[in-house]
Amino acid sequence: MKKLLFILLAVPLQMMGQEVPGSVQFWNSLTTHCGKAYEGVIVAGGKEGDGFTGEKLIMHVRACGENEIRIPFFVGEDKSRTWVLTKGDDNLILLKHDHRRKDGSDDEVTQYGGLSTNTGLAGIQFFPADQFTSNLLAHASNNVWWITLDDTSFTYNLRRIGSDRFFSVKFDLSKEVDTPSAPWGSED
């Protein structure tokens with residue numbers, strides 16, 4: 001009887017000791033912004049003529065499913081970019097860059113990105129370039145993307161290891177902006 005009582009008490013204690021993985025906390029936090037749009041600024045890597053500098057930068061957490069979040073990233077009138085986050089059964093997150101032409105067709109350079117190597121932390125997720133990216137863009141084989149997320153900001157970052165390439169854009173989550181129209185290639 002004592003053994004049975006110990007087992008019944010031990011199981012809930014073990015369950016209480018299990019923490020929610022950082023990737024799940026990150027995911028849950030990001031989904032609280034679903035349907036909302038925010039303006040951002042380049043904080044590193046911008047330069048005149050790069051297509052980003054001087055343009056209005058808007059992210060729109062447009063669609064949140066159980067295992068997929070789609071975040072269009074608008075650069076001025078250019079609606080070609082969408083960050084797609086997919087959470088696997090192992091709670092690892094895959095980041096892909098869905099690039100479209102104005103007519104909605106795939107850009108020739110699209111679906112590059114990477115898979116997190118671990119569940120990370122609630123406020124930051126890393127995505128080293130995957131093999132698809134390496135095959136598509138050899139120069140991007142050493143890319144590492146990461147997203148930081150807290151109560152006031154969402155920051156998208158890119159570092160090309162072994163080079164000076166670093167790009168970072170920070171969005172202010174404390175100030176919603178008008179929801180933009182659909183990105184290129186969207187069905188609705």
Handout entry: Any side-chain heavy-atom pair of Asn91 and Trp27 under 4.5 Å
Key = no
Practice task
For residues Gly46 and Asp50, report the shortest heavy-atom separation together with the two atoms involved.
Solution key: CA-OD2, 3.3 Å
Practice task
For residues Arg81 and Pro183, determine if any side-chain heavy atom of one lies less than 4.5 Å from a side-chain heavy atom of the other.
Solution key: no
Handout entry: Lys87, NZ atom: more than 12 neighbouring heavy atoms under 6.0 Å
Key = yes
Fill in the blank from the handout: Taken in chain and number order and not counting sequence neighbours, the residues that satisfy side-chain contact (heavy atoms from CB on, under 4.5 Å) with Thr152 are Asp150
Problem - Leu137 side chain reached by Asn143 side chain, heavy atoms, under 4.5 Å - result: no
Handout entry: Closest contact, heavy atoms only, Gly35 versus Thr179
Key = O-OG1, 3.8 Å
Practice task
Indicate the atoms forming the closest heavy-atom contact of Gly113 with His97, along with that distance.
Solution key: CA-ND1, 4.1 Å
Exercise for the section: Give a yes or no on whether a salt bridge exists between Arg100 and Asp98, defined as a side-chain N under 4.0 angstrom from a carboxylate O. Expected result: yes
Problem - Spacing of CZ belonging to Phe166 relative to CG belonging to Asn157, to within rounding of 0.5 Å - result: 5.0 Å
Exercise for the section: Taking all heavy atoms of Asp151 and all of Leu173, pick out the closest pair and write down the distance. Expected result: O-CB, 4.1 Å
Handout entry: Closest approach of Ile69 to Ile71 (non-hydrogen atoms, all atoms of both residues)
Key = CG2-CG1, 3.9 Å
Exercise for the section: Find the distance between CD (Gln125) and CG (Asn118) and round it off to the nearest 0.5 Å. Expected result: 7.5 Å
Fill in the blank from the handout: Smallest heavy-atom separation, Ala182 atom then Arg62 atom, equals CB-NH2, 3.3 Å
Handout entry: Joint cluster assignment, Met59 & Ile42, ILVMFWY side-chain distance < 4.5 Å
Key = yes
Practice task
Applying side-chain contact (heavy atoms from CB on, under 4.5 Å) between Lys170 and each of Leu57, Thr148, Thr155, report the one that passes.
Solution key: Thr155
Practice task
For Leu115 and Leu92, run side chain to side chain contact (heavy atoms under 4.5 Å, CB included): C-alpha distance rounded to whole Å, both residues' side-chain angles, the deciding distance at 0.1 Å, then the answer.
Solution key: CA-CA 7 Å; Leu115 178 67; Leu92 298 181; 4.0 Å; yes
Exercise for the section: Please examine the side chains of Val177 and Phe171, heavy atoms only from C-beta on, and report whether any two atoms are closer than 4.5 Å. Expected result: no
Practice task
Spell out, yes or no, whether Leu149 and Leu95 are grouped together once hydrophobic residues are joined by side-chain heavy atoms under 4.5 Å, including indirect joins.
Solution key: yes
Problem - Within one Ile-Leu-Val-Met-Phe-Trp-Tyr cluster: Ile147 and Ile58, side-chain cutoff 4.5 Å - result: no
Practice task
Examine distances only and state if a side-chain atom of Asp78 and a backbone atom of Val75 form a donor-acceptor pair shorter than 3.5 Å.
Solution key: no
Problem - Donor-acceptor under 3.5 Å (Thr31 side chain, Asn28 main chain) - result: yes
Problem - Over 12 non-hydrogen atoms of neighbours within 6.0 angstrom of CG in Asp178 - result: no
Problem - Lys96 side chain to Gln111 backbone, donor-acceptor under 3.5 Å - result: yes
Practice task
Give a yes or no on whether Lys102 atom NZ has more than 12 heavy-atom contacts from other residues, nucleotides or ligands under 6.0 Å away.
Solution key: no
Exercise for the section: Please lay out, stage by stage, how Ser134 and Ser141 fare under the test side-chain hydrogen bond (donor to acceptor under 3.5 Å, both in side chains). Expected result: CA-CA 4 Å; Ser134 185; Ser141 295; 2.6 Å; yes
Exercise for the section: Enter the distance from His139:NE2 to Ser163:OG here, rounded to the nearest 0.5 Å. Expected result: 10.0 Å
Practice task
Please indicate whether Asp164 has more than 12 foreign heavy atoms, meaning atoms of other residues, nucleotides or ligands, lying under 6.0 Å from its CG.
Solution key: no
Practice task
Only counting residues at least two apart or in another chain, list the ones meeting side-chain contact (heavy atoms from CB on, under 4.5 Å) with Leu136.
Solution key: Val109, Tyr112, Phe132
Exercise for the section: Evaluate the criterion ring pair (Phe, Tyr, Trp, His ring centres under 6.0 Å) for residue pair His33 and Tyr38; output intermediate values, then yes/no. Expected result: CA-CA 10 Å; His33 297 280; Tyr38 305 97; 5.5 Å; yes
Problem - Pairs involving residues 44-70, ordered by first then second residue, that meet ring-ring contact (aromatic ring centres under 6.0 Å, His included) (sequence neighbours left out) - result: Phe52-Phe167
Exercise for the section: Could you tell me how the ring of Trp83 sits relative to the ring of Tyr156: parallel (under 30°), tilted (30 to 60°) or perpendicular (over 60°)? Expected result: parallel
Exercise for the section: Please answer whether the main-chain N or O of Lys47 pairs with a side-chain N or O of Thr53 as donor and acceptor at a distance below 3.5 Å. Expected result: yes
Handout entry: Transitive ILVMFWY side-chain link Val43 to Phe73, under 4.5 Å
Key = no
Handout entry: Sidechain-backbone polar pair: Ser116 side chain, Ile93 backbone, donor-acceptor under 3.5 Å
Key = yes
Handout entry: Any side-chain heavy-atom pair of Trp145 and Thr133 under 4.5 Å
Key = yes
Handout entry: Main-chain N/O of Cys64 paired to Glu68 side chain as donor or acceptor, under 3.5 Å
Key = no
Problem - Shared hydrophobic cluster for Ile161 and Leu158 (ILVMFWY, side-chain gaps under 4.5 Å) - result: no
